[in-house]
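Nothing here was measured: the structure is a model prediction, and the numbers come from that model.
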Amino acid sequence: MTAPEPANAPDPPSDPELEATPSPAPGLELAPAPAASARAGSGRRRKRPPSPLVRAHRRFRRRRRWLGLLVLLLPGLWFLGSDLARRSGALFAYDKVHALAYWGTTVGSLVFWALVLYTAARRRGLCAWLFAGVFAVLFTLAAGVQGAFHAIFKQYLSQDGQIHAKSLPDALLGYLPFDDWRSWVYLAGALFGSLGLLRLARRYVRPRRVPRIVAPLFATAAVAGMTMVPASYRTWHSTSHDIIYFHGFAALVKERLRLTEEAPELRVQRRTPEPVPPLVAAQPVPRNVLFILQESQRYDVSCNAYVEDPGLDKDGCATPFSNAAAPKRFALEQLRSTASTTAISITHLWSGVPSVDGLDAILSVPVLWEYAHAAGFDTAYWTSQHVMFGGNRLYVQDFPVSKFATATHLDPFADYDAGAYDRLLTDRVIADLGSLREPYFAVAHYSNVHFPYVYDENHAPFQPALFNREVENNTKFFNYYKDVVYLSDLAVGRLLDALRATEAGRRTVVLYTSDHGESFREHWELGHTSSLYDEEIHVPGWIDAPEGTLTEAEAASLRGAENDFLTHFDFPATMLDLLGLWDLPEMRPFRRRMPGNPITRPARTVEPVPLLNCAWVWECGFRNWGAMQGHLKLEAREWDDEFHCFDLAADPDERVNLGEAACAPLPDYARRVLGRMPVETPPRWKDLLWGPPPAKEDKAEE
């Protein structure tokens, strides 16, 4: 046995040979030497490689971050992708400025939706649920309304379609027609899409502590900022369509709060028509009815009666194409519009009822399409007008029609004022005519003669022509207008030729007129809506009926009406008669409100009828009004203290004011029927009166 060394014995001397590791003796194993780090008592332990489960978890976390980012971008990508699917051709046709605007607002849209969805991705807490609701509501409205609106009208809902609305909830939904399945499909799709995006966000997005705190502040600022972003909402639409939606609703709210005065006047609202009972048409002969309505076309530039050689000099008529296409038409030489404002004129033409009974009454009156539909006729309405103008879309969108087209169906870049090209309207009508089921009632409504006018120097025979409104250029400006009428008539003539070449066209009666005329300083005014002098309301009018589509009595009545004084109130009555509906017992309650009479019958309208450019359905720039009975006409404007009386038979240029007594009892009728209108005075105006001063008790009630 070896004795132990003392505890404090000195270290043995160093010997290289002794420090060498000895080889183990045969049959002996040495214990493994401790690691150097362990021997030293410091340093790191060698890491073991991660397990497969850990590696999989790390990969999932990395992927989840990328998936979370993708989920946050999905709402904005939804708007971008849907827009590309709907109008990629238009988007890639943008010039540099509009392209930059579009892609810039698209980036803004991506950031906005990502912020709101990030804030809503928290799994608990009041803030999480609040922003989840905000996201779901905003996304459903913006994506659903815009999707449905574009599917129906081929354009997005914008300020033009919202700012005149009188109901905020209806404006949020864009006054969508919910009897159209597309409204439900797009809104439901957007709702389920928003819920799916929220679910994905709460699965893949993990808001961290600091971002979780500041995100609600940024999201709130983003929601407020979204309503302030400028938008391209006319013609180009070079803005992400969710921004267009929020911009339009913000404009409406500002207008309702009177922070702006962009739409102070009353404009067209949505109709809620009385139901029309089922009708059984009693046509004496089978026939279809096509109504061609022109815009702003004066009587004296038109070939109203057939002209063998219309001529194209300064004194020639500007409608040679429709003239040649309908040589056997029945001309109505003394036809007057009942307004020189389009919206008022067409409500009279389409309903037959004067717009003097209050807004609710006017919006509840059935229109020609509803009577025809109730009788089983196929129906159609095509127009090159931009129906967003002044809310006109609300009036036409619920027509019961199988064929429907407006300016933006014809051209996504249609001008807000002039509409789409009239030649495109003719193309669309010709394409649809073959699929209309007989018997049918259809309306083709042209627009290019409306200011600012559509002009083509290759179709401009009236020279010298100049687009200049200065007094010294009035003759050249009038020639320019005639060239515009000529170009539009080229489209009308082509439609008539195509119609008559079809089998159904041989059974189709065509009625033609214009909604109003256009003044060129004859009574110191320029344009329309400013007066009710004849340059603004004496309009072309004729009826073209192929052989066998009229009875002998009907044809004789039309021949006898050539020089009778008629108004637009007689046109809807005539169309109802041609459709075989005028005499039906079910029509009596509706006929009581219609002052007109069918021109296809010998009885003429002898009672007074109102003339007005201010109505409950359309407020005016300044008030002008009157009445007509036979060849006698009253006219006055808001600065007049009495009516002007004219005998149109003896004084067609309306140069001699005969005084109120010469038109009695028309002045009493006008004051009784027109009264004070409209009921709402825009806030920026003084209280202008419509007709006589109100009684004191009436003023107190207001």
Cation-pi geometry met for R469 and F477 (6.0 Å, 45°): no
Cation-aromatic face contact R393/F149, 6.0 Å, 45 degrees: no
Is any side-chain heavy atom of [X] less than 4.5 Å from a side-chain heavy atom of [Y]?
X    : Y    : answer
S322 : W542 : yes
P412 : K154 : no
P177 : I152 : yes

Salt-bridge present (D170, R270; N to O < 4.0 Å): no
Residues R423, D427: salt bridge by 4.0 Å N-O rule: no
T567/L335 under side chain to side chain contact (heavy atoms under 4.5 Å, CB included): CA gap, chis, key distance, verdict: CA-CA 5 Å; T567 72; L335 178 65; 5.5 Å; no
For D417, side chain to side chain contact (heavy atoms under 4.5 Å, CB included) partners two or more places apart: F389, D415, P452
Output field: ring centroids Y480/F467 closer than 6.0 Å: yes
Qualifying residues under side-chain hydrogen bond (donor to acceptor under 3.5 Å, both in side chains), relative to T347, sequence neighbours excluded: none
Do [X] and [Y] have side-chain atoms, one donor and one acceptor, less than 3.5 Å apart?
X    : Y    : answer
E333 : N304 : yes
E518 : H528 : yes
N613 : T529 : no
Q334 : Y299 : no
T406 : Y381 : no
Q294 : T513 : no
T508 : Y440 : yes
Q162 : Y233 : no
S402 : D378 : yes
T338 : H568 : no
H450 : S447 : no

Candidates S514, S302, S488 - the one meeting side chain to side chain donor-acceptor pair (under 3.5 Å) with Q297: S302
Salt bridge (Lys or Arg N to Asp or Glu O under 4.0 Å) pairs, two or more places apart, involving residues 536-545: R500-D544
